[in-house]
Structure formats: C-alpha cells, structure tokens
Undergrad: 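Take this structure, written in structure tokens, and hold onto it; I'll ask about it next.
All heavy atoms count here, side chains included; hydrogens, waters and symmetry mates do not. In what follows, chains carry the letters A, B, and so on, assigned in the order in which the sequence lines appear, proteins first and then strands, with residues in each chain numbered from 1.
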Amino acid sequence: MSLLKIDSLTQRFGGLQAVSEFSVDMQGGELMGLIGPNGAGKTTIFNLISGFYQPTEGTITLDGTPTAGLRPHQVTSLGVARTFQNIRLWHDMTVLDNIRIAQHYRLGYSVWDSVLRGRKYHARETRIREIAEELLEAMSLTDVAMELPKNLPYGVQRRVEIARAMSVQPKLLLLDEPAAGLNSADVEDLIKLVRWIHDHFDITIFMIEHQMKVVTSLCQWIKVIDFGATIAEGTAEDIQSNPAVIKAYLGDDNI
Amino acid sequence: MDFIIQNILNALQWGSFYALIALGYTLVYGVLRLINFAHGDVFMVGAYIAFFVSGFMLGDTLGLSPTVTFLCALPVTMILTSLVGVTLERIAYRPLRRKGAHRLYVVITALMCGLILEYSNLAVLGASRLKFPELIHKTVWNIGGVTVTNLKVIVIVTAVLVFLFLNFIVTRTKIGMAMRGISYDKFAIPLMGIPIDNIIVFTFILGSGFAGLAGLLFAMSYPILEPFMGMLIGWKAFIAAVVGGIGDIKGAFVGGFLLGFIEVGVVALPFLESTYRDLFAFTILLIILWIKPTGLFGMPQSTKI
Amino acid sequence: MQKYSLNVLMAAVAVLLLVMAQFKIIDNYIQAVIMYVGINIMMSTSLNLVNGNMGEFTCGHAAFMCVGAYVSSILSVLFFGNKFGDPIFPASMAVVVFPVIVLLGGAVAALSSILVALPSFKTRDDYLAIITIAVNYMVISAIENMDWIGGSRGFQGMKDTVWAMRDTLSAPWMLLWVILFTAFTIWVIRRFITSTYGKGVNAVCQDEVAAEIMSVNTNKIKTVNFMISAGLAGCAGGLFAHIVGYVNPQSFNILKSTEAMVMVYLGGMGSLSGAIISAVLFTGLMEVLRSAGVIKWVIIPLMLVLIMQFRPEGLLGNKELSDVFPKLKKFYTFK
C-alpha cells in the first residue's frame, strides 16, 4: 500500500485554479522534491495534504486512510508533519516546550489527569520529555533546549522547526522551503540534516525548495508544477534538461 | 396597519441613532483596526456639550430663539465633540501607535478612556439628570392614524445624509482613498508620502463629529441626560457595526437600522414584554455572528501559511 | 522542602487568619476585605487563563460569575431556605453541602461558557470580544426577565445557609470557604497550564495555525480552557453571593467584567503570580479609595491607561514572580 496517494487533486479559490489534477504516489521511503515558480501552487498542495484546506476535487489517501473531512490535527495524528515557509514556531515558549506540545495527539491523558496528576500523568509526561530530549540530542539542539526560539539565529530556528515536526514521529515529513533565508554554510548543514533524518528515522520526505542545489543533491524524484499543473517530473538530470521546465522558469526565448 | 407603520417609523428613528454612532465606530475601525470603545461615551459627551452650548445660547447673555440656537448649536456641538475625539486620539492612542504597541493595549486604553469620561462626568456634574431644553417646536403630523413628529423626520433624514456623505468621502475622495490605504498597510502608507497622522485625525474628527450630532439629536428626542447614557447605546451601536461587518460604511448603516428594527420589533410584539429587548437584540447578534463571523458585509480574512 | 515551603507558608497564614477571625482579633470589615481579595484572585486568575494564556480578548467574564452566583444561590435557598418550600436538607448538613453548591454553580457556569467557546472556533479578536460582551448582556437580561428569582430586584435568602453553618459550629465559615476555593482555583490553574496538555493553550495563543497543524486539537482545547475559566469564575460568583447574601443582575454587568480585566492587565497577561498580586493590590486600592466615591472609577481606569502607556506588559509581563526575582526559586518552583 502506498503511503501517500494523491489522485487528481484540484483546488479552486473563487475563479483561480490554484492546483489542477495533481497526482502523486509515494510508496514510502522516498525523498521527493516539488519545485515550480512562485505562485505555482506548491504550498497549496502542502496545505491540502495537511488538511488546512479541503480539496475542491480529488482525493488524498494516507496509508490507506482518506483524509477528506479531517481537521489538520487529525491528519497530523495519522503521521504527517510539516514545516512552514516562514518559520512558525511558538516563539514565547522554550524549544523543549515546542517539541513537547507537538506530541499533543499522543499525550494519552485527559484534562482531569493534568489537574489531578495521578500515576498515568507522570508516566506519560516523563515519556514525552524523554522523547523530546532524545530528539533534541539527536539533532544537536540540547544546548538551546531552554532558550526561546525568538532569541535564536535563523538557521537554528529552522532546525528547531524540523525537530518539532519530527517529534510528531511522522511517517511523512513535508518541508516547505527549508532553505529559504539561510546562508550557504547553513544550507550545507541543512542538506546533511535532511539526508540524515531521512536515513536515520527511515521516513518519507516531500519537500518544496527553490534552491536547486538543495533539490538536486537531496531529491531522488522531482515534480515540477506551474500554474497549478504538473509540467514535468523525473530525476534531477531529467528536470534540468527539460525544455518545459526551462521555459517555466526562464520564460520563452523568442519574445 | 397603522400600528405597523408607526413601529417602522420608530424603528427607523432608533436605527438612525445606532447608525450614526456605528458609523463612527466603523470609520475608526476601518482605518486603524481599532475598536474605539470610548466612542459611545464620546456620544454622551456630545449630548452634554449640546446641553451646555444650547443652555448658553438660550441664556440671558445671548438670548437666542430656540430655532436659531438649534442651528448654531449643531455645528458648535459637532466641532467641540470632534475636539474631544481628537484629544483622545492625541493623548491616548497616538503614543501607543508610535510605540508600535499591540492592538490589544490600544483597545484596553479606549475602554478605560470611556470609563474615565463617564465617571469624571459623574464626579463633576453629579448623579442628577439634566433636562434638555426644547429647541424645535414639536410639530405632530397625523397621517391616517400614524403620528409623525418633525424631529423624527429630521433624525432619519440626517442619518441618511450622513451615510451618503461618509460613503462619498470614503469611496470618492483622495482622503478617503488614503483612509482605505491605511487599513491595508499602515507601514507602507507613510512611505508613499501620505501624512498618516493627519488622515487619522481627520477620521476621528468625522467619527466624533457625527457622534456629537447624534448626541444633540438624541438629547432633543429623549431630553434626559445622564452620564451612562452612552454606555448601552454605544455597545449596541458597536454591535450593529459588527453585524454589518465592521470597517464597512454600508455595513454600519444597515446594521444600525437592522438593530433598530429588531429592538422595536421585539417591543411591538404583543406576546413579549419590552424587557426582553436587550436579550433578543444580543441573541440575534450572536446568531448572526455564528453563521457569518465577519458580519453581513465584512470580508473574511484568509489566513496565509 | 523547597517544593513545599511556599505552600506551608500560605497554609500557615490561612490558619492564622482563620484563628484571628474566630477570636475576633480581626473585625468583620477586615474579614470581608480578605474575602474580596480571595474572590478577586479567583476572578483574575481565571480570566487570565483566557485573556492571558490563550490570548483571546474576552470582556464579559462577569457573565459566568453571574451564572455561578445565581445557580448556587438558588440551590442554596432550595436546600436550606424556606423560599421555595421546606428545606430539603437539615441545617446540620450545610457544612458538607455548601461546597457542593458552589461547585455546582461553577459547573453550570462552565456549561454556559459554551456560548462563547463555539463561536471562538471560527472567529477571534474583535468579533469574539463582541460576542463575550453580548453574552454578558444576554445573561443579565435573561435573569432580569426571570421573575421567579426576583428579576431585576435581585435575589436573596442565601444567608440561611451561612447561618445554618454557623449554627452547626461557630466558626468563620465563609472566610474558610473563600480561602479554600481560592487555593483550589490556583491549584487547578497552575496544574493545568504547566502540563503539556495545558501548554497547548499557549500554543494556540502564539500561533493557532501551527498549533492545529502540530496536532493540537485547537477546538477542544479552547472549549476546555473556556470551561475551566468560566467554571472557576462561577465558583467565585457563588461565594460572592453567599458573602453578600444578596445578588442583583446589575452587580455582574460590564463594569464587573472590566474590574477583572483591569486586574489581569495590571498583573501582566499570562502570569499567574502577576494575576494574584494584582488582585491583592486592586482590592486594596478599591478599599483605600472607597471614601473617594466616584473618583475611584476615574483613578482606576486612569491607572490602567498609564500602565498601557508606560508598561503595557503589566507588572510582571508574561513572567512569573520567580523569573523576576530568581532568588525566590530557592523557596519554590513556580513552573
């Protein structure tokens, strides 16, 4: 069974066709890229997958479960985590709290437990803290665990956001332009980090990225969309020489 | 039938007051995204200003006739009330805006300014109610069993004229364009060479001036003044603005009349006591906002990620 | 030791107050002020849960206090008074039943908060503010139209329960209950907001979209938060009704809500210790200014205006006392 199966997904906002007939089938374990010019509808696709929008047409199936009608937090609990184009951490809570809260769907205790604090509460909280600390350790963020994200450098914030997404323990990780706003040294680190996450946690990654360096060095398969429609897909080499892609990015030669 | 027409007239009159005040709320909100909670109390201050101005004009020093007094008191009240509004903006809101304070702090400041206006009035003038003098000789026309007073007609016509005037200002003039611009992007507007502070002051002048006008007309229609008269009517006018879709001139106008009709309708229904008026007005508001959270004419703001 | 030092200190102070009240060392006036402090702490900390921690702007908190006050008053009169027929419980039961009455009032208040919680799924900020104001007016107006509980004339008879407790055993009962319920409020709120579950509330405040996408069920947590907040305000209302022995819908109007807001923003949004401190200061200030009459209501708003101008984050900001004075951590862990 495929992990993520999107079948002719279409999204309209009023008269605007943001995504049209988008399909993808990820078996699990891939590292796939989604590229396209600005406004092509890439983030919209991510928003549709994570349940933030309900698709106008088409179906999204996660691990055999159709996500139609589910709210974003329910989709996330099926094993999809994502990051955002502009970092959306909870800036006034410590990094550790950020990581802990993202495990909300499997807290395993109720409001009453949080007030009465029986054995179950303590066991669950300890477990959640352990998971968070392990993750911070693995992503070498232990030093900043008690810092507020707003006080951290941009590159570290990106890492924290990826760590927060990972604390959901996803099967599918959606990265929305993880390299945006990073300098070249940070980009190198990011490439290593994403590859490491992919291998170490054995998860599927679907990423939007503008920097071709990141995409070509990471992604095994790339889909290119423009004006909501898929115009090409293939390996990095295929894409780079594809005339339709060059046209979409650079425009027509004979103007 | 007479009964219905009579009530429609009453509803139009009440709606006019709500609409006049709601327009002030919506103007300021449309420009600054600020709920000027003090606006209801600016209306109250307007009524008091009208009282003192007309008292002075009718008094021994000037001894003007009531009609002349009305004509003179009208602009004077509007100017003085708009001064109150501008003063509020200058001393309370502008420093906060300059500091880039969170919107919430400005809203709380507005709420507190309203309380200060109410209670300083109470402290200075005492709890005794004031009787507003009769400025226009009341003429009652009886058309087929429906009584219409000249005052009622004045109130309704004024509300409509004010609406048309404001609508013209906001949609057809350069300054109105600047006002709409500020509501989109407060930071880009000064960079385009538009004097943002002047525009905001102008907005407050308009809003408070018409609150003063509403105060004068209200005092003439219901000639008892007390410090808290602005509170409930202010809240309700605000609700009217929200139901219409706050920030939208048309919405405030329609919302004001809608609320007027709801309230008068509830009172007019034979099986309901008039004490249910507020309950129904607020329940209907709640239902409207439930179904359409941005009001009748409001545009939904889409969240971008 | 560190963990309990503050609790022990507080308990000691409470016991001392009760003993002094029992032996008439502190007079009724001071007792009343202490009780108002307790009720104001309950109001400000519970409102802080919504306005501070969740970052919503609700300005009708008194509505829930009103619901709690009326429900517990009616139950109280039903159980121990003569107004609705013979008392259901013997007077000797009052001591046991009273906290249940207050809690039931809180429970109904919590249920009534769904009126606010449901619209909050779709809307926030200004529109939600207006909904809360509307709810406040609706509650008052609804009660004013209920003649069987006195309508706008108010409702009384709760003193029967208080007297029943006193007759069973002579002790400063109301003071005791206020202290216990205040402690209960702080206990519940502190435990809720420091758990990972409750921190979801802060996540909603700081970025609701991110919270929802990072698996926080925002609708549920908002509802839970509104219900806890309203429930505790309802308990405060129940106690208030029994202290005064008389409730009137107009005593829970928008002015009362404003009082609670002043306390929250004075203390600093999202700071539990700030809300407690500001409740104490505010009650003290109200008593000091009692002789000033109406001027009081000029000074208090003016104070808040000045706070907004010069220290908009309130006394403590969103920090706790221990963050401002790190030495206190030696004695107690606030978080």
Undergrad: State whether the side chain of A/His73 and the backbone N or O of C/Met214 hold a donor-acceptor pair below 3.5 Å, judged by distance alone.
TA: no

Undergrad: Can any side-chain N or O of A/Arg88 pair as donor or acceptor with the backbone N or O of C/Val209 at less than 3.5 Å?
TA: no

Undergrad: With a 4.5 angstrom heavy-atom cut-off, is it the side chain or the backbone of A/Arg124 that approaches chain C, or both, or neither?
TA: neither

Undergrad: For residues 222-234 of chain C, give me every residue with a non-hydrogen atom less than 4.5 Å from any non-hydrogen atom of chain A.
TA: C/Val224, C/Ile228

Undergrad: Side-chain donor-acceptor pairs under 3.5 Å in residues 146-157 of chain A, sequence neighbours left out?
TA:
unit_1: A/Lys150; atom_1: NZ; unit_2: A/Asp92; atom_2: OD1; d: 2.6
unit_1: A/Gln157; atom_1: NE2; unit_2: A/Pro149; atom_2: O; d: 3.0
unit_1: A/Gln157; atom_1: NE2; unit_2: A/Leu152; atom_2: O; d: 3.1

Undergrad: Picking from C/Cys205, C/Gly270, C/Ala210, which has the most non-hydrogen pairs under 4.5 angstrom with chain A?
TA: C/Ala210

Undergrad: Heavy-atom distances under 4.5 Å only: say whether A/Leu107 touches chain C with side chain, backbone, both or neither.
TA: side chain

Undergrad: Contact part of A/Val115 toward chain C, heavy-atom cut-off under 4.5 Å: side chain, backbone, both or neither?
TA: both

Undergrad: How would you list, by chain and number, every residue that makes a side-chain contact (heavy atoms from CB on, under 4.5 Å) with C/Ser72, sequence neighbours excluded?
TA: C/Ile101, C/His242

Undergrad: So for A/Arg164, is it side chain, backbone, both, or neither that comes closer than 4.5 Å to the heavy atoms of chain C?
TA: both

Undergrad: Does C/Tyr265 have any ring-ring contact (aromatic ring centres under 6.0 Å, His included) partners at least two apart in sequence or in another chain, and if so, which?
TA: none

Undergrad: In terms of heavy-atom proximity below 4.5 Å to chain C, should A/Tyr121 be classed as side chain, backbone, both, or neither?
TA: side chain

